[in-house]
Amino acid sequence: MSKPASRQNKPASRQNKPASRQNKPAVRSRAFRTPGGLSVRLDVRAFTVVVLLLVAALAASVVLIGTGDFPIPAADVLRTLAGNGDAGQEFIVNELRLPRVLVGLLVGASLGLGGALFQSISRNPLGSPDVLGLGQGATAGALVMIVLFSGSATQVALGALVGGLATGLAIYLLAWKRGVHGYRLVLVGIGVSAIVTAVNGYLLTKADLVDAARAVVWMTGSLNGRDWSQVWPLLVMCAVLVPLVLGNARGLRMMEMGDDVSYALGVRVERVRLLLMVSAVLLTAGATAAAGPVSFVALTAPQLARRLTRSPGPNLVPSLCMGATLLIVADWASQRAFGADQLPVGVVTGVLGGVYLLWLLVTERKAGRV
């Protein structure tokens with residue numbers, strides 16, 4: 001009688017083997033140790049996504065540089081960038097098209113990183129500069145310089161920067177109540193955005209025809225006519241703010257678990273939050289000053305990056321790369337996807353971002369978060 005019992009137990013032991021294999025966790029990160037004893041943990045999937053996004057952004061940039069009334073093959077574009085092109089190609093590439101592409105990359109990266117910071121601080125996918133009113137605040141500063149002072153391009157950019165900073169400060173102060181919390185920040189931002197939008201409408205009604213036309217073109221968001229004078233300020237701003245933000249990424253990740261847990265882990269919550277919010281406002285205002293209020297890149301880039309990496313963290317570097325890729329691809333589409341009609345890049349991002357926002361609202365409602 002014991003033999004059949006032992007035979008019946010053998011299949012059970014065999015059935016346990018696949019279960020043990022299924023319980024093996026997938027490798028998501030690897031740890032690397034430097035000779036100096038520093039240990040670095042790398043998320044393999046996130047690193048792969050960042051590399052692919054960088055390749056896509058660079059490839060789209062080369063294609064965009066070669067696109068125009070005087071088309072240039074990709075091989076000739078690369079040769080010209082290396083300093084081996086003829087005089088005509090060097091002028092077209094280095095003086096006319098390369099600055100526009102660099103501004104697009106820097107603006108997209110700034111908006112993607114700024115959007116990731118605001119969404120992480122507010123712990124809300126709708127906590128974007130587009131929703132909080134920072135773009136509208138920068139637009140108000142630019143309109144003041146255009147309508148009231150007939151300012152130059154440099155003065156308009158400076159006005160947009162000051163307007164964005166003033167709006168960010170107003171939102172922070174109005175949302176402060178023993179700290180700044182997510183939904184309060186979003187609600188205050190929506191209210192400030194409505195007020196500033198009304199101010200912008202009033203300024204447009206007071207402008208003469210020439211200034212009003214100039215203001216409407218700027219408010220659309222465009223990369224047309226961008227040159228090296230817009231590249232260098234953006235490059236300096238990103239060179240200062242991006243390392244500063246990444247250096248506080250650990251504190252931001254801890255803050256997503258709540259202020260009490262962050263305090264217990266030694267994070268100076270309000271100091272880190274204020275520093276990162278100022279950085280996000282500067283990134284958004286600087287990008288708006290360079291290219292106008294390009295809508296929805298700051299909203300969609302962090303969410304797309306999060307879905308690609310499948311990582312619950314703030315995804316700062318993937319969001320930065322995703323923003324740059326989105327804006328360059330949108331700029332190419334604005335020039336080539338509509339035949340002879342060339343649209344401002346803000347129109348393309350607005351259409352795509354509006355569709356994405358509707359989908360996001362439906363998803364959040366089904367999940368019971370809206």
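All values below were derived from every heavy atom in this structure, side-chain atoms included, with hydrogens, water molecules and symmetry-related copies excluded.
- Placement of Val329 and Leu320 in two distinct hydrophobic clusters is found when ILVMFWY residues are connected by side-chain heavy-atom separations under 4.5 Å, directly or transitively.
- A donor-acceptor pair under 3.5 Å links the side-chain atoms of Thr288 to the main chain of Thr284, judged by distance alone.
- With hydrogens and angles ignored, the 3.5 Å screen pairs a side-chain donor or acceptor of Asp86 with a backbone N or O of Gln89.
- In terms of hydrophobic clustering, with Ile, Leu, Val, Met, Phe, Trp and Tyr side chains grouped at heavy-atom distances under 4.5 Å, Val162 and Phe149 are assigned to different clusters.
- Residue Leu358 qualifies as enclosed at atom CG: its count of foreign heavy atoms under 6.0 Å is above 12.
- Val231 and Leu158 end up in different hydrophobic clusters when Ile, Leu, Val, Met, Phe, Trp and Tyr side chains are linked at under 4.5 Å.
- When the side chain to side chain contact (heavy atoms under 4.5 Å, CB included) test is applied to Leu308, the partners found at least two apart in sequence or on another chain are Val49, Met322.
- In this structure, the separation between OG1 on Thr349 and CG on Leu326 is 9.5 Å, given to the nearest 0.5 Å.
- Annotation: the span from Leu252 atom CG to Leu316 atom CG amounts to 6.0 Å, rounded to 0.5 Å.
- Residues forming a salt bridge (Lys or Arg N to Asp or Glu O under 4.0 Å) with Arg100 (at least two apart in sequence, or on another chain): Asp331.
- Ser311 has its side chain out of reach of Arg45: every pair of non-hydrogen atoms, C-beta onward, lies at least 4.5 Å apart.
- Contact annotation: the side chain of Phe70 approaches that of Arg97 to within less than 4.5 Å [non-hydrogen atoms, C-beta and beyond].
- Shown here are the salt bridge (Lys or Arg N to Asp or Glu O under 4.0 Å) partners of Arg307, two or more places apart in sequence or in another chain: there are none.
- Side-chain contact check for Leu244 versus Val240: every heavy-atom pair is 4.5 Å or farther apart.
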Which donor-acceptor pairs under 3.5 Å do the side chains of residues 128-136 make with protein atoms, sequence neighbours left out?
from, atom 1, to, atom 2, distance (Å)
Ser128, OG, Asp130, N, 3.3
Ser128, OG, Asp130, OD2, 3.2
Ser128, OG, Leu299, N, 3.4
Asp130, OD1, Phe296, N, 3.3
Asp130, OD2, Phe296, N, 3.2

Sequence neighbours left out, cut at 3.5 Å: what donor-acceptor pairs do the side chains of residues 61-68 make with other protein atoms?
from, atom 1, to, atom 2, distance (Å)
Ser61, OG, Ala57, O, 2.7
Thr67, OG1, Val63, O, 2.7

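- Atoms CD1 and CG, on Ile121 and Leu276 in that order, are 5.0 Å from each other to the nearest 0.5 Å.
- The side-chain heavy atoms of Pro293 and Trp218, taken from C-beta on, include a pair separated by under 4.5 Å.
- Judged by distance alone, the side chain of Arg250 and the main-chain N or O of Leu246 form no donor-acceptor pair under 3.5 Å.
- Grouping the Ile, Leu, Val, Met, Phe, Trp and Tyr side chains by contacts below 4.5 angstrom, directly or via other members, places Val107 apart from Val236.
- The side-chain heavy atoms of Trp176 and Arg184, taken from C-beta on, include no pair separated by under 4.5 Å.
- Leu165 and Val144 fall into different hydrophobic clusters, where Ile, Leu, Val, Met, Phe, Trp and Tyr are joined by side-chain heavy atoms under 4.5 Å apart, directly or via other members.
- Of the possible polar contacts, none joining the Glu90 side chain to the Ala87 backbone as a donor-acceptor pair under 3.5 Å is found.
- Note that CH2 of Trp228 and CG of Leu102 are 5.0 Å apart. Values are rounded to the nearest 0.5 Å.
- Tested against Ile190 for a side-chain contact (heavy atoms from CB on, under 4.5 Å), the candidates Val192, Val188, Val186 yield a single pass: Val186.
- With hydrogens and angles ignored, the 3.5 Å screen pairs no side-chain donor or acceptor of Arg226 with any backbone N or O of Pro99.
- Asp76 meets the salt bridge (Lys or Arg N to Asp or Glu O under 4.0 Å) test with Arg79; sequence neighbours excluded.
- Between the side chain of Thr220 and the main chain of Val216, a donor-acceptor pair closer than 3.5 Å is present.
- Formation of a donor-acceptor pair under 3.5 Å by the Gln119 side chain with backbone atoms of Ala116 is not found in this model.
- Residues Ile328 and Val101 form a side-chain contact, since some pair of their non-hydrogen atoms from C-beta on lies under 4.5 Å apart.
- How far CE of Met277 is from OH of Tyr172: 7.0 Å, rounded to the nearest 0.5 Å.
- A pairwise comparison of heavy atoms in Pro344 and Gly221 identifies CB-O, 3.4 Å as the closest pair.
- With rounding to the nearest 0.5 Å, the separation of CG in Asn248 from CZ in Arg273 is 13.0 Å.
- For the residue pair Cys238 and Pro243, the shortest heavy atom distance occurs at O-CD, 3.6 Å.
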